[in-house]
Amino acid sequence: MGTFDIDVIEKEPAEVETPLLVLAHFEDDPEPVGSAAELDARLGGEIGRILRRGDFRGGKDEALAIFPRPGEARAERVLLVGLGKRDAYQPERLRRAVGAAVRQAERLGARALALPLDFAARVGGRAGMPTAAQAAAEAAVLAAWEFREFKTIQEEAAPRARVEALVLVTREDAAACRSAAERGRTIAAGENLARDLASRPGNVATPSHLAEVAGELAETYGLGLTVLDRDAMRREGMGALLAVASGSEEEPRFIVLEYRGAETGVGPLALVGKGVTFDSGGISIKPASGMEEMKYDMSGAAAVLGAMRAIAALALPAHVVALIPSTENLLSGRALKPGDIIRSHLGKTIEVVNTDAEGRLILADALSYARRYTPSAIVDAATLTGACVIALGHHAIGLMGTDPALVDEIRAAGEQTGERCWPLPLWDDYRPQIDSNFADIKNTGGRPAGTITAGLFLREFVGQTPWAHLDVAGTAYRDDAAPYHRKGATGIPTRLFVEWVRARTER
Ligand code: BES
Ligand code: MN
Ligand code: ZN
């Protein structure tokens with residue numbers, strides 16, 4: 001995607017010249033309010049009649065287009081979008097409404113949208129306006145994203161227009177809204193980078209490709225960069241990452257990016273992302289049906305890179321280290337086998353019961369390597385378990401951790417960004433499931449509570465550092481796109497990461 005224009009203007013809504021004027025409406029308002037009331041007067045009472053007839057009520061995800069006659073307004077089209085009930089409002093409602101508006105604009109052939117922000121003054125007072133500006137900008141940039149790198153022919157079902165601009169209309173707080181909208185745009189661009197990377201197939205988004213992208217970020221933003229190849233991993237003793245990589249001809253990479261936006265006087269925040277660029281399952285091979293989806297198995301790594309770009313572009317006053325273990329999980333005469341016992345970077349030995357439980361192996365070495373930065377907290381994201389999809393489906397990230405305060409921070413960041421998490425217990429009661437007869441620990445705990453036993457496996461490698469783990473297997477890519485997503489990669493949890501780091505800078 002090219003650049004997306006975002007502008008904030010101070011104008012009467014009816015005077016805004018735009019292909020599509022978007023009016024947000026709360027479900028419990030029986031009459032048009034604010035900007036909508038001004039438009040209604042210009043449109044001869046049409047919006048009021050629509051509301052009274054019940055053709056549009058303002059429910060969540062509802063949208064209805066109306067067409068002014070010449071002279072009635074400067075907008076070519078007006079789109080009513082629903083925010084649901086006013087007392088249930090959260091920024092996520094607005095993101096969804098803006099996402100729906102972008103989809104309508106594509107169908108109607110409108111390249112730009114304008115959105116009056118006055119509705120936000122009725123939910124959060126004056127503070128509500130910049131928050132809404134940020135959410136609207138985020139959603140527009142996210143909704144406009146599309147992965148077309150490998151499309152060479154024009155499809156018949158292609159949208160009539162690609163939306164490339166958003167104008168926010170306000171009569172107060174324009175400066176604050178402008179910087180909030182710019183922030184939203186930067187954060188969404190980071191998430192769109194994650195979506196691009198996750199969408200690229202395994203033959204393109206290889207471990208070296210991820211390292212190249214990290215290199216470009218390092219170059220652009222002046223980040224510290226360390227990239228380990230197979231030999232360097234051997235010298236480091238990363239036996240678990242190397243074991244997974246042993247079945248593949250593709251070079252593995254261990255990537256470390258460091259952003260120093262502040263001297264905080266405490267250890268950095270560490271973000272860790274699973275970077276399996278294709279997961280066949282290895283010798284414990286997966287069924288063929290749906291195996292192509294396993295190109296998304298580096299979504300955690302993609303989100304870490306997307307977040308690092310946004311954090312650096314926003315110049316957040318934070319110190320953040322990103323760690324990405326990256327490899328394919330394939331089969332060959334040299335591949336890791338069930339029953340093999342390997343020595344991890346930490347020194348703990350692992351009995352590999354199932355080569356398809358590879359994510360936790362490569363993360364184990366990354367979590368242990370992270371100790372040399374003495375991080376004040378570690379958060380990892382991984383498409384780790386099919387069991388998480390069964391437990392929580394596609395609407396919640398599985399959240400686990402060793403530190404209740406950190407887990408609360410992550411949950412709050414998830415609520416704020418709409419990348420919601422739900423906690424699962426890391427009780428010691430589950431721990432015997434990963435006891436091994438022959439080694440210190442084994443890499444699977446059987447079918448019961450598969451997400452939790454994967455979390456407990458990771459916990460063995462974090463030591464005393466406060467740590468949280470996000471299982472994004474159900475949320476990193478989806479078939480049923482939400483309004484500001486498309487089918488495929490969601491970019492989750494890029495925005496959650498950025499929000500968590502931002503909130504930390506305010507402590
Ligand atoms: N990458 C998969 C997990 C996954 C499954 C992500 C479905 C997204 C959708 C992971 O490496 C894996 O294969 N996990 C196994 C673990 C099992 C062997 C203990 C699983 O969940 O089946
Ligand atoms: Mn696997
Ligand atoms: Zn995997």
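Both ligands and their constituent atoms are indexed starting at 1 by order of listing.
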*Asks:* Does an N or O from T385, backbone or side chain, lie closer than 3.5 Å to an N or O of ligand 1?
*Replies:* no

*Asks:* Counting only nitrogen or oxygen atoms and a 3.5 angstrom limit, does N354 reach ligand 1?
*Replies:*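 Among all N and O atoms of N354, none is under 3.5 Å from an N or O of ligand 1.
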
*Asks:* Report, in ascending order of atom number, the atoms of ligand 1 lying under 4.0 Å from any heavy atom of A473.
*Replies:*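 Reading through ligand 1 atom by atom, the close ones are 6 (C), 8 (C).
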
*Asks:* Would F457 count as a contact of ligand 1 if the rule is a heavy atom under 4.0 Å away?
*Replies:*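 The answer is no: ligand 1 sits nowhere under 4.0 Å from a heavy atom of F457.
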
*Asks:* For the Zn ion (ligand 3), which protein N/O/S atoms are closer than 2.8 Å?
*Replies:* K274 NZ, D279 OD2, D297 OD2, E358 OE2

*Asks:* Going by distance only, is there an N or O of A387 that falls short of 3.5 Å from an N or O of ligand 1?
*Replies:*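 N/O-N/O distance under 3.5 Å: no.
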
*Asks:* Looking only at protein heavy atoms, identify the closest one to atom 21 (O) of ligand 1 and say how far it is in Å.
*Replies:* G386 N, 2.7 Å

*Asks:* Is the Mn ion (ligand 2) less than 2.8 Å from at least one N/O/S atom of D279?
*Replies:* yes

*Asks:* Strictly under 4.0 Å, does any heavy atom of R360 approach an atom of ligand 1?
*Replies:* yes

*Asks:* Students should be able to answer this: which protein heavy-atom is nearest to atom 14 (N) of ligand 1, and at what distance?
*Replies:* L384 O, 3.4 Å

*Asks:* Return the residue, atom name and 0.1 Å-rounded distance of the protein heavy atom closest to atom 2 (C) of ligand 1.
*Replies:*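 Looking at atom 2 (C) of ligand 1, the protein heavy atom closest to it is D279 OD2, 3.6 Å.
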
*Asks:* Is the closest basic N to carboxylate O distance between R431 and D428 below 4.0 Å?
*Replies:*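 Looking at D428 together with R431, the answer is no, because their closest N to O distance does not fall below 4.0 Å.
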
*Asks:* Among R96, R103, R95, find the residue that satisfies the salt bridge (charged side-chain N to carboxylate O under 4.0 Å, His left out) test when tested with D61.
*Replies:* R96

*Asks:* Hey, which atoms in ligand 1 end up nearer than 4.0 Å to a heavy atom of E358?
*Replies:*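 Near E358, meaning under 4.0 Å from one of its heavy atoms, ligand 1 has 11 (O).
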
*Asks:* Taking the six-membered ring of F457 as reference, does the NZ or CZ atom of R459 fall below 6.0 Å from its centre and within a 45° cone about the axis?
*Replies:* no

*Asks:* Name the closest protein heavy atom to atom 12 (C) of ligand 1, giving the residue it belongs to and the distance to 0.1 Å.
*Replies:*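 So the nearest neighbour among protein heavy atoms is D356 O, 3.2 Å.
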
*Asks:* Taking the six-membered ring for Trp, are Y259 and Y221 ring centroids under 6.0 Å apart?
*Replies:*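 Aromatic pair excluded; centres sit 6.0 Å or further apart.
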
*Asks:* Indicate yes or no: does an N/O atom of K274 lie under 3.5 Å from an N/O atom of ligand 1?
*Replies:*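 Looking only at distances, the answer is yes, because the N/O contact criterion of under 3.5 Å is met.
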
*Asks:* Can you pull out the closest protein heavy atom to atom 8 (C) of ligand 1? Residue, atom name and distance to 0.1 Å, please.
*Replies:* Y477 OH, 3.5 Å

*Asks:* With a 4.0 Å cut-off on heavy atoms, does E293 reach ligand 1?
*Replies:* no

*Asks:* Backbone or side chain, does any N or O of T383 fall under 3.5 Å from an N or O of ligand 1?
*Replies:*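 Indeed, backbone or side chain, T383 has an N or O that close.
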
